[in-house]
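Right, one structure below, let's go through it.
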Amino acid sequence: MNTPHEKYDAVIFDLDGVITDTARYHYLAWMRLASTQGVHFDEEFNEQLKGIDRMGSLERILMAATRQYSLAEKLALAEEKNAQYVALIANMTPDDLLPGAVRALDSCRAAGMKVGLASVSKNAFTVLDKLGIADKFDYVVDAAKLARGKPDPEIFLNAASVLDVAPSRCLGVEDAVAGVASIKAAGMTAVGIGDPAVLAQADFVIPALTRFDLNDY
Ligand code: B16
Ligand code: MG
């Protein structure tokens, strides 16, 4: 029998930017779309889009455009960006797992904790399959069924509810400002991956999953 963790019964991970660097592919696909619409797009702009769902991200980019877009045009542009993104992730393999990701996931299982995945990406199941880690999760949120994206707490609350763990006994792991806000709004403890100055709302911040240690939280 595992000794239960003193504070947590579940760990809920974000995908893009935490387990694999698909954040880079989202960036490249948005960059291409923004340039076709005459919108300046750079790393700083991209930072604001991390964890924001597809239509929400598109809205933010088009706000910087010089004209108005109809709903049909927006849907076509979102589809165009997604086609580009799907092409970019087509050749992903387990080599695209970020360092420390498998060890972190396995350490949660070994500690007897439930493991969830909370990504607002509608491509999350495809990415998990390509990475070969789908079986490491007890539950993966289906982003297509969400009414609201991050920073709304819905996605993390859905994961906690299906895993049957109180939010206060959940640890959320995120690389995005909107994602950390979602975890905190859900009443969970947040481990940020990245820069402490950017992820100021997180309870703990580590540079990468290589430094993930359940004993620290
Ligand atoms: P898709 P996460 C998010 O995933 C990404 O951070 C964000 O950049 C992206 O726009 C969003 O997924 C939607 O992705 O277009 O594939 O549905 O960080 O919540 O894992
Ligand atoms: Mg992310």
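All figures in this text were calculated on a predicted structure; none of them were measured in a lab. Hydrogens, waters and symmetry mates are skipped; everything else that's a heavy atom, side chains included, is used. Ligands are counted one by one from 1 in listed order, and the atoms in each one are counted from 1 as well.
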Polar-atom distance check: W30 versus ligand 1, any N or O pair below 3.5 Å? no

Taking atom 6 (O) of ligand 1 as the reference point, the nearest protein heavy atom with its distance: G51 N, 2.8 Å

E174, any N or O under 3.5 Å of ligand 1 N or O: no

Return the residue, atom name and 0.1 Å-rounded distance of the protein heavy atom closest to atom 18 (O) of ligand 1. D14 OD1, 2.9 Å

For the residue pair K50 and H26, confirm or rule out a side-chain donor-acceptor distance under 3.5 Å. no

Taking distance alone, with N or O pairs closer than 3.5 Å, would you say D16 contacts ligand 1? yes

Can you name the atoms of ligand 1, numbered from 1 with element, that are less than 4.0 Å from a heavy atom of S57? 10 (O)

Minimum distance, heavy atoms only, to atom 9 (C) of ligand 1: which one of I52, V120, D53 is it? I52

Is it true that A176 lies under 4.0 Å from ligand 1, counting heavy atoms only? no

I'd like to know whether the aromatic ring centres of Y217 and F212 sit less than 6.0 Å apart in this structure. yes

Can you find a non-hydrogen atom of A23 under 4.0 Å from ligand 1? no

Relative to the heavy atoms of K150, which atoms of ligand 1 are at a distance of less than 4.0 Å? 2 (P), 19 (O)

Looking only at side-chain N and O atoms, does Y25 offer a donor or acceptor that is under 3.5 Å from a partner on Q84? no

Ion pair D216/R211, N-O distance below 4.0 Å: no

Donor-acceptor pair, K114 side chain versus L163 backbone, under 3.5 Å? yes

Ligand 1 N/O within reach of S121 N/O, cut-off under 3.5 Å: yes

Determine, stepwise, if the pair E154 / K145 fulfils salt bridge (charged side-chain N to carboxylate O under 4.0 Å, His left out). CA-CA 11 Å; E154 182 185 14; K145 295 191 178 138; over 6 Å; no

Nearest to the Mg ion (ligand 2), which N, O or S atom of D14 do we find? OD2

Parallel, tilted or perpendicular: which describes the rings of F13 and F137, with under 30° parallel and over 60° perpendicular? perpendicular

K122 bridged to D53 by N-O distance under 4.0 Å: no

Which atoms of ligand 1 are found less than 4.0 Å from any heavy atom of K122? 1 (P), 16 (O), 17 (O)

The OD1(D175)-the Mg ion (ligand 2)-O(D16) angle, to 10°, is 90°

Looking at atom 15 (O) of ligand 1, what's its closest protein heavy atom, distance included? R54 NE, 2.7 Å

Heavy-atom pairs closer than 4.0 Å: do any link ligand 1 to the side chain of S119, the backbone, both, or neither? both

Ligand-residue contact atoms, ligand 1 with N123, heavy atoms, under 4.0 Å: 1 (P), 16 (O)

N or O pair under 3.5 Å between D175 and ligand 1: no

Does K7 have more than 12 heavy atoms from other residues, nucleotides or ligands lying within 6.0 Å of its NZ? no

Do V165 and Y8 make a side-chain contact, defined as non-hydrogen atoms from C-beta onward lying under 4.5 Å apart? no

Are the side chain of Q37 and the backbone of A34 linked by a donor-acceptor contact shorter than 3.5 Å? no

